[in-house]
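Shown next, in structure tokens, is the structure this report addresses.
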Amino acid sequence: MIKLYGVPQSRAVRCLWMVGETGQPYELIPVATVNGKIADPELLRINPNNKMPALVDGDVRIFESLAINIYLAEKYAPALKASSPAEAGTIAQWSLWAANEIEMASQDWASHSFVRPPEQRDAAIAATAKAKIDRALAILDGALKGRDWLVGNRFTVADVNVASVCYRLLQYPDLANFPNVKRWFEACWARPAAQHARKLREG
Ligand SMILES: N[C@@H](CCC(=O)N[C@@H](CS)C(=O)NCC(=O)O)C(=O)O
């Protein structure tokens with residue numbers, strides 16, 4: 001059975017969404033921590049970076065949440081995987097774009113807007129992050145103009161990866177400024193597997 005190491009309150013939520021899309025049975029293995037730091041020899045053997053999530057599926061071991069999702073699509077969700085080299089490149093493009101262009105800004109914005117206790121928030125960091133998010137969302141909005149999904153004419157792992165990296169933007173106040181993103185983002189997160197992953201994370 002697929003084993004996913006991590007907790008839903010981490011980037012593992014991205015893989016919980018994707019494994020839900022596959023319909024495959026899986027086991028979620030929470031990683032051990034000591035004083036809030038990961039201290040789990042089993043995780044370390046799978047991911048030498050000592051970070052979650054990580055996946056074991058038979059002989060296959062993969063770390064990096066977005067790569068795990070691409071693997072799950074490749075192996076278990078034919079409709080969500082690339083159907084040509086061009087699609088494979090475009091799925092990689094959007095996955096790497098999300099990780100590089102939006103992930104840190106989204107985390108900084110959330111962290112300094114509502115995640116941290118008020119006395120630990122820095123309004124300047126939140127404002128800088130918000131400006132970066134707005135720039136990224138304008139690019140995404142352009143890419144989604146006249147289309148429902150990022151790659152091909154169907155929901156793919158690219159949509160799971162980008163929408164799940166943008167998890168914190170479920171609370172973004174200015175999403176309506178990017179109507180194509182808003183429409184797409186709502187459609188992505190309305191999927192049963194996305195709703196389930198959110199429930200696992202938020203309770
Ligand atoms: N790029 C990696 C990042 C993984 C990562 O940073 N995971 C965090 C939890 S969301 C973690 O394990 N942090 C523990 C630590 O840094 O000690 C991915 O997407 O999987």
Side-chain angles (χ1 to χ4, degrees), residues 2-22 26-57 60-77 80-81 88 91-117 120 125-126 129 132-133 136 140 150 156-172 185 188-189 193-194 196-203:
I2 296 167
K3 289 183 181 169
L4 184 63
Y5 290 77
V7 296
Q9 292 73 26
S10 75
R11 288 169 175 86
V13 71
R14 302 170 182 177
C15 305
L16 286 167
W17 176 352
M18 185 61 216
V19 81
E21 295 284 351
T22 71
Y26 68 94
E27 188 183 354
L28 180 64
I29 303 175
V31 300
T33 55
V34 174
N35 297 330
K37 292 249 169 262
I38 296 176
D40 193 319
E42 206 178 336
L43 177 73
L44 195 56
R45 270 198 298 277
I46 306 159
N47 183 359
N49 300 288
N50 200 29
K51 290 182 178 176
M52 58 185 158
L55 173 131
V56 175
D57 184 22
V60 176
R61 289 166 157 60
I62 303 196
F63 54 83
E64 284 294 331
S65 55
L66 305 183
I68 290 170
N69 284 356
I70 289 172
Y71 166 78
L72 288 170
E74 283 292 324
K75 182 145 188 209
Y76 296 112
L80 273 64
K81 72 174 197 172
I91 286 171
Q93 169 198 288
W94 283 118
S95 302
L96 291 163
W97 178 84
N100 287 313
E101 302 295 334
I102 211 158
E103 179 170 311
M104 273 324 297
S106 160
Q107 292 204 346
D108 280 350
W109 170 75
S111 191
H112 291 276
S113 299
F114 55 87
V115 175
R116 292 182 180 207
Q120 289 174 24
I125 294 178
K132 284 186 191 161
I133 293 169
L140 193 56
L150 284 170
T156 69
V157 62
D159 300 296
V160 178
N161 279 352
V162 179
S164 65
V165 167
C166 293
Y167 166 75
R168 290 298 190 186
L169 303 188
L170 285 163
Q171 297 179 64
Y172 203 61
F185 198 49
C188 288
W189 279 98
H196 182 65
R198 229 186 133 176
K199 199 153 183 240
L200 289 174
R201 181 177 174 124
E202 297 168 13

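Reckoned from all heavy atoms, side chains included, excluding hydrogens, waters and symmetry mates. Counting starts at 1 for both ligands and their atoms, following the listed order. Keep in mind that this is a model prediction, so the values were computed, not measured.
Donor-acceptor pairing under 3.5 Å is lacking for the side chains of Arg168 and Ser106.
When every heavy atom of Pro53 is checked against every heavy atom of Cys15, the shortest pair comes out as CG-SG, 3.8 Å. Here the closest non-hydrogen pair linking Val13 and Pro8 is CB-O, 3.3 Å. Taking every heavy atom of both residues into account, Asp40 and Ala32 meet most closely at OD2-N, 2.8 Å.
Of the residues Glu42, Glu27, Lys51, the one that meets the side chain to side chain donor-acceptor pair (under 3.5 Å) test with Tyr5 is Glu42.
Within 4.0 Å of ligand 1, the residues that place a heavy atom are Ser10, Arg11, Arg14, Ile38, Lys51, Met52, Pro53, Glu64, Ser65, listed by chain and number.
Aromatic ring orientation, Trp189 versus Tyr167: tilted (interplanar angle from 30° to 60°).
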